[in-house]
**Student:** 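What follows is a single structure, and I will ask about it in a moment.
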Amino acid sequence: MSDRPISIHGDVSDLPTSRDGPASLAWWGNVGFMATEGTAFLLAGGSYLYLMVASPSWPPKGFAPPELLWGVVFTAGLLLSEIPNSWLIKKAKARDERAVRIGIIIMTAVAFLLFVPRALEFTVLGLRWDENAYGSVLWMLMILHTVHLVTDWGDTLVLALWLHTHEVGDRQFADVEDNGNYWRFVELSWLPIYALVYWAPRMT
């Protein structure tokens, strides 16, 4: 029998320092955050539908649904933003540092440009938030999504600054992928809100 001590610990020196996708805790945290925020959107949408069904007319008499132009422009721009976003996620998975640095700048600019039609959307809602229940729930939906839009743009901006001032490693590539997945959440969560804000009042 050997007197050599037996180690209960294996050699972990070859293991990666970080992981991406479902193998990463940050990925699951991102999923959990989207699930939580998605619940908030569902509750807000449910409030809108409850008020719409309970009201004798929707929108209330004397008020018209928001004009379509800027909502269409914003929605089209948001959906088109998935083209560079998907490209960026692909490059992050491929660990292409140069492409990721370019792509994150593009996404930062794209998200910022979307602030223009979003701001103009607020000018055509047709009423203040405190005029009636319709106005309150309309503004709630718009502000709720705008907060997520601005938050993700801020996260993308910080990530862009980091990628251009620090060494890029596996953790940063995983962060870019998570950021891109959250942008998809911002895109998809807008579609039912767009339908409620612009089309539901036109179908009642």
Side-chain angles (χ1 to χ4, degrees), residues 26-27 29-49 65-92 100-129 134-164 174-201:
W27 186 90
N30 199 35
V31 169
F33 185 69
M34 288 188 287
T36 302
E37 297 305 300
T39 301
F41 281 119
L42 285 174
L43 291 172
S47 299
Y48 182 99
L49 291 173
E67 296 175 19
L68 290 173
L69 175 61
W70 295 116
V72 170
V73 171
F74 176 83
T75 303
L78 191 63
L79 293 177
L80 287 172
S81 74
E82 183 54 30
I83 297 173
N85 187 51
S86 293
W87 180 81
L88 177 57
I89 292 173
K90 179 180 178 181
K91 294 303 179 181
V100 164
R101 282 178 166 160
I102 293 171
I104 200 72
I105 290 294
I106 292 172
M107 282 306 300
T108 303
V110 167
F112 185 77
L113 289 174
L114 285 171
F115 292 164
V116 176
R118 170 48 52 88
L120 292 169
E121 280 185 278
F122 281 99
T123 68
V124 298
L125 292 183
L127 74 173
R128 299 192 314 270
W129 67 271
Y134 172 67
S136 295
V137 75
L138 193 66
W139 279 79
M140 176 181 67
L141 287 171
M142 292 296 297
I143 291 174
L144 186 62
H145 188 264
T146 302
V147 167
H148 288 76
L149 181 71
V150 173
T151 299
D152 195 58
W153 172 77
D155 181 59
T156 307
L157 176 62
V158 170
L159 194 53
L161 293 172
W162 178 275
L163 291 173
H164 285 82
D175 289 342
V176 170
E177 184 179 349
D178 289 341
N179 178 266
N181 287 331
Y182 189 81
W183 183 254
R184 286 174 173 168
F185 168 75
V186 173
E187 294 170 9
L188 294 175
S189 63
W190 168 246
L191 297 180
I193 295 175
Y194 169 71
L196 290 176
V197 169
Y198 290 98
W199 292 105

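Along the sequence shown, the residues carry numbers beginning at 1. Atom set for the values below is all heavy atoms of this structure, side chains included, hydrogens, waters and symmetry mates excluded.
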**Student:** Below 6.0 angstrom between ring centroids: does that apply to Trp70 and Phe122?
**Tutor:** no
**Student:** Would you compute the distance between atom CG of Leu113 and atom CZ of Phe74 and round it to the nearest 0.5 angstrom?
**Tutor:** 12.0 Å
**Student:** Please report the closest heavy-atom contact between Trp87 and Gly103, naming both atoms and the distance.
**Tutor:** CZ3-CA, 3.7 Å
**Student:** Any chance you could measure Arg184, atom CZ, to Glu82, atom CD, to the nearest 0.5 Å?
**Tutor:** 4.5 Å
**Student:** For Met107 and Asn85, work out which heavy atoms get closest and say how close.
**Tutor:** SD-N, 3.6 Å
**Student:** Given Tyr48 and Met140, is the side chain to side chain contact (heavy atoms under 4.5 Å, CB included) satisfied, shown in steps?
**Tutor:** CA-CA 9 Å; Tyr48 182 99; Met140 176 181 67; over 6 Å; no
**Student:** Starting at CZ of Phe41, measure out to CZ of Phe185 and round the result to the nearest 0.5 Å.
**Tutor:**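 Spacing of CZ (Phe41) from CZ (Phe185) equals 5.0 Å.
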**Student:** Kindly give the heavy-atom pair with the smallest separation between Leu196 and Gly45, and that separation in Å.
**Tutor:**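 Result for this residue pair: CD1-CA, 3.8 Å.
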**Student:** Mind checking the NE2-CH2 spacing from His148 to Trp190? Nearest 0.5 Å is all I need.
**Tutor:**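 That separation rounds to 13.5 Å.
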**Student:** Is a side-chain N or O of Ser86 found less than 3.5 angstrom from the main chain of Ile83, in a donor-acceptor match?
**Tutor:** no
**Student:** Compare all side-chain heavy atoms of Pro201 with those of Leu138 and state whether any distance is below 4.5 angstrom.
**Tutor:** no
**Student:** Pair Leu191, Thr75 - check side chain to side chain contact (heavy atoms under 4.5 Å, CB included), show working.
**Tutor:** CA-CA 8 Å; Leu191 297 180; Thr75 303; 4.2 Å; yes
**Student:** Counting only N and O atoms by type, is there a donor-acceptor contact under 3.5 Å from the side chain of Thr123 to the main-chain atoms of Ala119?
**Tutor:** no
**Student:** Please test Trp183 against Leu78 for side chain to side chain contact (heavy atoms under 4.5 Å, CB included), starting from the C-alpha separation and ending with a verdict.
**Tutor:** CA-CA 10 Å; Trp183 183 254; Leu78 191 63; 3.7 Å; yes
**Student:** Please round to the nearest 0.5 Å and tell me the distance separating atom CD1 of Ile89 and atom CG of Asn181.
**Tutor:**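 Going from the CD1 atom of Ile89 to the CG atom of Asn181 covers 4.5 Å.
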**Student:** For Glu187, check salt bridge (Lys or Arg N to Asp or Glu O under 4.0 Å) against everything at least two apart and list the hits.
**Tutor:** none
**Student:** What's the shortest heavy-atom distance between Arg101 and His164, and which atoms?
**Tutor:** O-CE1, 3.0 Å
**Student:** State whether the number of non-hydrogen atoms from other residues, nucleotides or ligands found under 6.0 Å of Phe115 atom CZ is greater than 12.
**Tutor:** yes
**Student:** To the nearest 0.5 angstrom, please state how far the CG atom of Leu188 sits from the CD1 atom of Ile193.
**Tutor:** 11.5 Å
**Student:** As a test of understanding, state which of Thr151, Asn179, Thr108 forms a side chain to side chain donor-acceptor pair (under 3.5 Å) with Thr156.
**Tutor:** Asn179
**Student:** Give me the atom names and distance for the closest heavy-atom approach of Tyr134 to Pro65.
**Tutor:** OH-CA, 3.9 Å
**Student:** Would Ile105 and Leu163 count as a side chain to side chain contact (heavy atoms under 4.5 Å, CB included) if you check the C-alpha gap in whole Å, the side-chain angles of each, and the deciding distance to 0.1 Å?
**Tutor:** CA-CA 10 Å; Ile105 290 294; Leu163 291 173; over 6 Å; no
**Student:** Answer with yes or no whether the side chains of Glu121 and Tyr194 bring together a donor and an acceptor at under 3.5 Å.
**Tutor:**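 Side chains of Tyr194 and Glu121: no pair found under 3.5 Å.
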**Student:** Apply salt bridge (Lys or Arg N to Asp or Glu O under 4.0 Å) to Glu67 and list each qualifying residue two or more places apart in sequence or on a separate chain.
**Tutor:** none
**Student:** What closest approach, in Å, do Ala44 and Leu144 show between heavy atoms, and which atom pair accounts for it?
**Tutor:**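 It is CB-CD2, 3.9 Å.
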